[in-house]
A.B. asks: 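Sharing a structure, written as structure tokens. Questions coming.
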Amino acid sequence: MPNNSTSFATQLQKAQHHAMQNDPGMICMGLGIDDPKAIFGTTSGLQTAFGQSRVFDMPTAENAMTGIGVGAAIAGTRVLMTHQRVDFFLLAMDQLVNNAAKWHYMFNGQMSVPLTIRLIVGRGWGQGPTHQQSLQSWFSHIPGLKVVVPGLTDNAGQLLYDAIMDNNPTIFLEHRWLHNQIASEDECQPLTEQPRHTRILREGEDYTIISNSYMLSEALQAQKYMQQFGIQCEVIEIASPTNIDWHVLYQSVKKSRRCIVTDMGHTFCSLASEIANRIYSECFQSLLCPVTTLGLPHYPEPTSYGLTPDYYPNINSFIQTISGNCGVDIARITTTQHHDIPGEWFKGPF
Amino acid sequence: MPDLKEVYFQTLRIRKIEEAIAERYSEQKMRCPTHLSIGQELVPVAISQYLTTRDKAYSSHRAHAHYLAKGGDLSKLIAELHGKSGGCTAGRGGSMHLSDLDCGFIASTAIVGNSIPLATGNALHQQLSQSDGITISYFGDGATEEGAFYESLNFATVRSLPILYACENNQYSVYSPLSVRQPASRSIAKLAAEIGVKSFSVDGNDPQRVLEASQAAIEFIRKERKPALVEYFTYRHREHCGPNFDDELNYREAHEVEEWLANDPLKNLQKLLSSDSDFSHFQARVSEQITQEIEAAFNFASSSPFGDPIDNERYIYAK
Ligand SMILES: Cc1ncc(C[n+]2csc(CCOP(=O)(O)OP(=O)(O)O)c2C)c(N)n1
Ligand SMILES: [Mg+2]
């Protein structure tokens with residue numbers, strides 16, 4: 001553990017505290033926001049610091065509560081809502097898509113919706129068909145919504161702070177397996193500075209890997225592993241699908257001439273396939289091999305441990321693709337770790 | 001009035017099954033979120049006394065007791081929790097998505113309030129096909145805060161659908177008490193009555209009252225072909241999700257927990273039956289029988305293989 005260690009969850013918690021301090025009108029709501037588990041530790045102390053009128057639990061009523069959040073935001077209250085799973089939020093798609101996303105445009109720029117919705121993506125321990133959906137591609141499809149998909153502790157807080165302070169409806173998708181990710185406090189980006197949503201995290205000549213959220217952890221591991229075999233991967237984080245610096249991607253692929261795009265949604269009609277498409281258009285002449293999209297197969301996640309060992313792409317998916325396309329034979333990694341937990345800290349059930 | 005000993009037997013059976021699941025959960029072989037019904041078993045047992053397999057049930061995330069009381073297969077439940085091919089959905093759904101069509105338990109679903117409209121649709125089907133069956137929709141107090149609850153009751157009233165809305169009010173949604181979710185004066189039964197649904201409200205742990213209210217509601221639905229709602233006040237003994245007690249977190253007042261533990265439906269049944277001279281003998285006999293049944297179900301689950309992931313692509317679309 002590094003000196004001054006901090007976690008992904010702690011960074012999110014700090015960002016919320018800071019935003020609440022800097023905007024005295026801001027409110028936070030969500031089921032269980034003030035309960036003993038404090039949304040996986042991300043909202044601890046908020047209610048004590050800012051009181052029950054600004055930080056509050058709510059009825060199990062996602063649809064109306066989202067509409068209430070949208071209405072309050074239109075009126076001028078900065079609103080942050082949190083849901084423990086993306087899947088629970090699906091009840092509120094009408095308010096999000098028909099109102100929040102369109103309001104500024106539909107009323108000719110007269111009003112705006114300073115609303116951020118934190119949604120947690122579940123995985124593992126049998127989260128199954130209705131507790132693990134990764135829907136960033138859906139949300140990105142809707143004009144007017146901003147989408148942020150953090151993957152690393154060093155900028156998670158900065159990204160959240162920026163999302164909250166932004167005057168547009170923003171979906172902030174947190175992967176459950178990231179909350180315990182550790183980093184050194186010194187590495188963390190200052191909360192109030194403008195974040196860079198597209199970042200080259202590792203430079204390399206041979207392969208470009210474009211990634212975000214939890215897949216970024218797998219990508220970084222793969223980058224390290226491939227290095228031992230003389231293959232240098234360039235790892236690029238796209239923390240916001242709706243704010244991609246495309247030239248960074250194109251330049252990288254023109255240099256490396258090979259590319260993997262990973263995204264934890266179903267690959268069909270996805271963010272990954274959209275990025276791949278643009279890379280084909282812009283870098284066609286440079287490519288030595290097809291762009292690979294690593295994501296989920298086109299069926300719901302079964303609950304069973306026995307049915308899911310290959311459901312999610314992992315480090316071996318990278319090794320297989322890269323070694324195949326580079327014409328080298330590199331051994332897969334064998335592990336004794338259960339595929340449905342990120343580490344010993346997570347033993348379910350939620 | 002059904003035989004109280006039978007009610008006791010079924011309540012005890014579910015209690016022991018749930019306790020066996022809790023005890024073995026830490027072996028980490030049941031790898032899915034699991035919401036136990038311990039403390040709330042009496043409600044579905046009582047309701048099921050008045051049902052046949054022509055009557056259909058839908059439920060929520062906390063579904064084990066509903067499934068078992070309706071006649072759901074125990075071995076298939078335990079295998080499902082283990083993710084095995086012998087499970088009631090062959091491992092696809094896990095604890096929160098149970099089904100046993102043979103006994104009329106159509107499905108439980110994991111999103112709060114989500115199955116209330118489905119149950120209402122089942123009742124619409126029963127009406128349109130002139131079936132004499134009725135539908136049971138099980139849900140918690142939290143689910144009554146979702147719009148789908150009001151919208152469903154409204155439609156069921158407009159169309160006079162044969163459905164029992166069985167609300168188990170255990171006063172919590174995860175750690176959130178009713179006080180932060182509903183006004184103090186709220187009666188879910190009265191609310192439903194205002195929508196036009198025949199309503200009852202009862203201590204869900206009091207055997208005689210629960211049987212009476214369930215019978216009255218179901219007889220009303222069968223006779224009038226109209227919807228009814230029963231609000232059953234009850235209490236979950238353990239944590240919201242998972243096998244443990246969590247009273248050390250102090251989100252429920254100690255005296256409240258004590259009062260409800262004293263008003264345990266199983267203890268209440270025991271009290272009612274204690275004057276029966278044969279009861280202790282009966283108790284020992286069924287207890288042993290249940291233990292063996294549970295053992296057999298866990299053996300079935302552990303010997304059942306995992307399905308082959310090659311079949312994961314099956315059933316994306318119906319033929
Ligand atoms: C739409 C939705 N919101 C939130 C959740 C998370 N959740 C799962 S169970 C539960 C509690 C619901 O309370 P209640 O309906 O009273 O049922 P109980 O757990 O008390 O039996 C919550 C909030 C969910 N599954 N679906
Ligand atoms: Mg409840």
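Every chain is numbered from 1 and lettered A, B, ... according to where its sequence line falls, protein lines coming before strand lines.
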A.B. asks: Should B:I111 and A:L91 be marked as a side chain to side chain contact (heavy atoms under 4.5 Å, CB included) after you check the CA-CA gap, both sets of side-chain angles, and the distance that decides it?
C.D. replies: CA-CA 9 Å; B:I111 302 298; A:L91 276 80; 3.7 Å; yes
A.B. asks: So which of B:Y251, B:Y175, B:Y315 has the biggest tally of heavy-atom pairs under 4.5 Å with chain A?
C.D. replies: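 Result: the option with the highest number of such pairs is B:Y175.
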A.B. asks: Could you tell me if the side chain of B:E313 sits less than 4.5 Å from the side chain of A:H298, heavy atoms only?
C.D. replies: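 They are not in side-chain contact.
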A.B. asks: Which answer fits A:L90, side chain, backbone, both or neither, if we ask what part of it has an atom under 4.5 Å from a heavy atom of chain B?
C.D. replies: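 The answer is neither part of A:L90.
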A.B. asks: Mind running side chain to side chain contact (heavy atoms under 4.5 Å, CB included) on A:T130 and B:H97 for me, showing each step along the way?
C.D. replies: CA-CA 9 Å; A:T130 61; B:H97 305 95; 3.1 Å; yes
A.B. asks: Of all the heavy-atom pairs spanning A:G32 and B:S176, show the shortest one and how long it is.
C.D. replies: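 Minimum heavy-atom separation between A:G32 and B:S176: N-OG, 4.0 Å.
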A.B. asks: Check whether any side-chain heavy atom of B:R92 lies under 4.5 Å from a side-chain heavy atom of A:Y299, and answer yes or no.
C.D. replies: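 They are not in side-chain contact.
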A.B. asks: Do A:S304 and B:H82 have side-chain N/O donor and acceptor atoms under 3.5 Å apart?
C.D. replies: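 No.
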A.B. asks: For a quick test of reading the model, state the closest non-hydrogen atom pair linking B:A90 to A:L307 and the distance between them.
C.D. replies: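 Heavy atoms only, the tightest pair is O-CD1, 3.7 Å.
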A.B. asks: Could you walk me through whether A:E62 and B:E146 pass the side chain to side chain contact (heavy atoms under 4.5 Å, CB included) check?
C.D. replies: CA-CA 7 Å; A:E62 290 79 1; B:E146 300 285 9; 2.6 Å; yes
A.B. asks: Using a 4.5 Å cut-off on heavy atoms from C-beta on, say whether the side chain of A:M58 contacts that of B:E145.
C.D. replies: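 With C-beta onward as the side chain, the pair stays apart.
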A.B. asks: Side chain, backbone, both or neither: which part of B:M30 has a non-hydrogen atom closer than 4.5 Å to chain A?
C.D. replies: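 When you check distances to chain A, only backbone atoms of B:M30 fall under 4.5 Å.
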A.B. asks: Report yes if some heavy atom in the side chain of B:P33 is under 4.5 Å from a heavy atom in the side chain of A:Q127; otherwise report no.
C.D. replies: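 Heavy-atom side-chain distance check passes, below 4.5 Å.
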A.B. asks: For the interface with chain A, which of B:V180, B:I310, B:D311 has the highest count of heavy-atom pairs at distances below 4.5 Å?
C.D. replies: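 Result: the option with the highest number of such pairs is B:V180.
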A.B. asks: Between B:P305, B:S26, B:G87, B:G93, who has the most heavy-atom pairs with chain A when the cutoff is under 4.5 Å?
C.D. replies: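 Looking at each of B:P305, B:S26, B:G87, B:G93 in turn, B:G93 comes out on top.
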A.B. asks: Should we say atom CD of B:E256 is surrounded by more than 12 heavy atoms from elsewhere, each under 6.0 Å from it?
C.D. replies: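 Check passes, neighbour count above 12.
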A.B. asks: Is the closest side-chain heavy-atom distance between A:T308 and B:P309 below 4.5 Å?
C.D. replies: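 The answer is no; the side chains never approach within 4.5 Å.
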A.B. asks: Counting heavy-atom pairs under 4.5 Å with chain A, which one of B:G83, B:S85, B:G113 comes out on top?
C.D. replies: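 Winner by heavy-atom pair count: B:G83.
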A.B. asks: I need the A:T60 OG1 to B:D141 CG distance, nearest 0.5 Å.
C.D. replies: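 So the gap between those two atoms works out to 7.5 Å.
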A.B. asks: Side chain, backbone, both or neither: which part of B:D246 has a non-hydrogen atom closer than 4.5 Å to chain A?
C.D. replies: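 Neither part; nothing is under 4.5 Å.
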A.B. asks: Flag the pair B:R181 and A:D57 as a salt bridge only when some basic side-chain nitrogen lies within less than 4.0 angstrom of an acidic carboxylate oxygen.
C.D. replies: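 No, no charged N to carboxylate O under 4.0 Å.
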A.B. asks: Is it the backbone or the side chain of B:S173 that comes under 4.5 Å from a heavy atom of chain A, or both, or neither?
C.D. replies: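 For B:S173, the contact with chain A is made by the side chain alone.
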A.B. asks: Near A:K37 NZ, under 6.0 Å, is it more than 12 heavy atoms from other residues, nucleotides or ligands?
C.D. replies: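 Not more than 12 within 6.0 Å, no.
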A.B. asks: Working note: A:Y305 + B:Q28, criterion side chain to side chain contact (heavy atoms under 4.5 Å, CB included); need CA distance, chi angles, decisive distance, verdict.
C.D. replies: CA-CA 11 Å; A:Y305 179 80; B:Q28 302 190 20; over 6 Å; no
A.B. asks: With a 4.5 angstrom heavy-atom cut-off, is it the side chain or the backbone of B:A148 that approaches chain A, or both, or neither?
C.D. replies: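 Contact with chain A is absent: no heavy atom of B:A148 under 4.5 Å.
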